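This one's a predicted model, so the numbers in the text were calculated from it and none came from an experiment.
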Amino acid sequence: VETEEFPALEYDLRSERAGTTVSPENPQPARAPGDPQKDLYRSHLRAGFGNYLTPYFELWVNSLQSDEFDAGAHIGHISSFGQIKDHAKSTFSNTLLEAHATKFFRGASLGAKASYKRNMVHRYGFMPDDFPGLDIPDDDIRQVYQTIGFDAGVESNNAADDAFNYHVRLDGYYLADRFESNETRISVIPGFSKGLDLFGNRRMQVLGLDVRYDHYINNDSLDSYGGGILSMQPYFDMDLHPYRIYAGLKADYRIDTASRLHLYPVVKAEASLLDDMIVVYAGLEGGLSRTTFEGLS
């Protein structure tokens, strides 16, 4: 048997890099869709008429969108001339007139608002037939509340994360009825805040102070008296996404015949879950409020 040997094969592999270049086209940046353009109108009117002889009317007028000023007015009325069977006269009416204006400056805005309300009611909660010997004229059960209100203030609008912002408002009203009772409230409402980045995480932290003083003057056919509440609330608002925590302490000082200081914790928290699809809130707060003639009316 003859055998034949094959020569050993040798391979010479050379690694060479191909000189290729890729020149991508200029991509177009993605754009978030904006709000659809809406037609703006200077006025809006609503009117109607309901059962129990109830007319309704409301008119709003306002300036168009502007970065220099905003001004408008609102007129509203609803009343009823219906009658509840076997009861005393039960007609009522509510009328509102208000106007506002705001001037925008660089870094701040200045605004004012004035209003007038007239609310008329009848105390109809009895049946005249139950009192055959008693004649009560309709005018004796009619009550009319008239309120003149005002609100004016200046507010900064610096949007920078570390900005110092402020607001100062003067607010109040005068309320009077048909029976020599009236109430005046004057409120001074300043506030200050400073943006911080204490944790170096580019999240917003705000250190602030809210102050409010409400002074009341009441008069009726028998007596006159006054009093007020001074409120101060320092707070720290922390954005620790997906969490946010607000912590403060509210100190309310009652200025009256018996003055006293009241302290209330103010704690609020929220958590954004599932990529902000669910937001859970929790909080604890308190405060001191005054029972007013305006609230009772």
Side-chain angles (χ1 to χ4, degrees), residues 67-72 98-117 147-175 183-198 204-218 225-239 244-256 258-270 283-295:
D67 57 0
E68 295 184 357
F69 73 94
D70 175 58
E98 59 183 2
H100 70 271
T102 303
K103 174 64 177 176
F104 304 112
F105 301 95
R106 183 176 181 180
S109 60
L110 177 64
K113 179 180 178 180
S115 64
Y116 169 74
K117 292 192 298 182
T147 308
I148 299 174
F150 69 92
D151 185 354
V154 61
E155 180 179 8
S156 64
N157 52 19
N158 193 333
D161 291 341
D162 60 347
F164 173 81
N165 280 301
Y166 64 89
H167 66 266
V168 180
R169 287 177 46 212
L170 181 65
D171 179 77
Y173 62 80
Y174 173 78
L175 167 66
E183 179 176 79
T184 302
R185 176 180 65 79
I186 299 176
S187 301
V188 182
I189 312 170
F192 313 92
S193 65
K194 179 68 172 67
L196 305 170
D197 187 10
L198 298 179
M204 179 186 67
Q205 294 97 47
V206 177
L207 182 64
L209 173 66
D210 288 334
V211 182
R212 181 183 182 117
Y213 176 66
D214 297 314
H215 186 74
Y216 296 87
I217 302 173
N218 291 85
Y225 51 95
I229 297 176
L230 174 62
S231 177
M232 302 183 69
Q233 181 174 315
Y235 65 88
F236 187 50
D237 189 0
M238 296 172 286
D239 183 0
R244 185 165 186 169
I245 301 174
Y246 177 105
L249 178 65
K250 189 173 184 180
D252 288 342
Y253 185 67
R254 182 179 63 191
I255 304 173
D256 210 322
S259 299
R260 183 180 177 184
L261 178 65
H262 304 260
L263 298 177
Y264 305 92
V266 181
V267 180
K268 305 175 187 179
E270 65 180 64
L284 172 68
E285 59 183 311
L288 179 66
S289 62
R290 182 183 178 98
T291 301
T292 64
F293 183 34
E294 191 271 341

Under 3.5 Å, is there a donor-acceptor pair between the side chain of Asp151 and the main chain of Ala112? no
I'd like to know if the side chain of Lys113 reaches the main chain of Ala101, judged simply by a donor and an acceptor atom lying under 3.5 Å from each other, with no hydrogens or angles considered. no
Report the C-alpha separation of Gln233 and Leu209 in whole Å, then their side-chain angles, then the decisive distance to 0.1 Å, and conclude whether the side-chain contact (heavy atoms from CB on, under 4.5 Å) test is met. CA-CA 6 Å; Gln233 181 174 315; Leu209 173 66; 5.7 Å; no
Pairwise distance CZ(Phe164) to OG(Ser156) - rounded to 0.5 angstrom: 7.5 Å
Minimum heavy-atom distance between Ser193 and Val206, given as atom pair plus value: CB-CG1, 3.7 Å
Give a yes or no answer on whether the side chain of Glu294 reaches the backbone of Glu183 with a donor-acceptor pair at less than 3.5 Å. no
Only one of His215, Arg169, Arg212 clears side chain to side chain contact (heavy atoms under 4.5 Å, CB included) with Ser187; which? Arg212
Please say whether more than 12 non-hydrogen atoms of neighbouring residues, nucleotides or ligands are located less than 6.0 Å from CZ in Phe69. no
Hey, could you give me the CG/CZ distance between Leu175 and Phe293, rounded to the nearest 0.5 Å? 5.0 Å
Of all the heavy-atom pairs spanning Ile229 and Leu288, show the shortest one and how long it is. CD1-O, 3.9 Å
Should Met238 and Arg244 count as side-chain neighbours, where that means a heavy-atom distance under 4.5 Å? no
Heavy atoms only: give me the nearest Ser109-Thr102 pair and the separation to one decimal. CB-CG2, 4.1 Å
Side chains of Tyr166 and Pro190: does their closest heavy-atom pair fall under 4.5 Å? no
So CG of Leu207 and OH of Tyr235: to nearest 0.5 Å the spacing works out to 8.0 Å
Which pair of non-hydrogen atoms, one from Ile189 and one from Asp171, has the smallest distance, and what is that distance? CD1-CB, 4.4 Å
Salt-bridge test for Lys250 and Asp210: reply yes if a basic N is under 4.0 Å from a carboxylate O, no otherwise. no
For the residue pair Phe236 and Ile245, establish whether any side-chain heavy-atom pair is separated by less than 4.5 Å. no
Reported CD-to-CZ distance for the pair Glu98 and Phe150, which is rounded to 0.5 angstrom: 15.5 Å
Closest approach of Glu285 to Val266 (non-hydrogen atoms, all atoms of both residues): CB-CG1, 4.0 Å
For Asn158, is there any backbone N or O sitting under 3.5 Å from a side-chain donor or acceptor partner on Asn165? yes
How long is the gap from OH on Tyr213 to OG on Ser231, to the nearest 0.5 Å? 12.5 Å
Do the numbers put Lys268 on top of the ring of Tyr246, so that NZ or CZ is under 6.0 Å from the six-membered ring centre and no more than 45° off the axis? yes
Contact check, side chains of Ile148 and Lys117, non-hydrogen atoms, under 4.5 Å: no
Closest contact, heavy atoms only, Asp70 versus His100: OD2-NE2, 3.3 Å
Measure the spacing between OG1 of Thr147 and OH of Tyr174 and express it to the nearest 0.5 Å. 10.0 Å
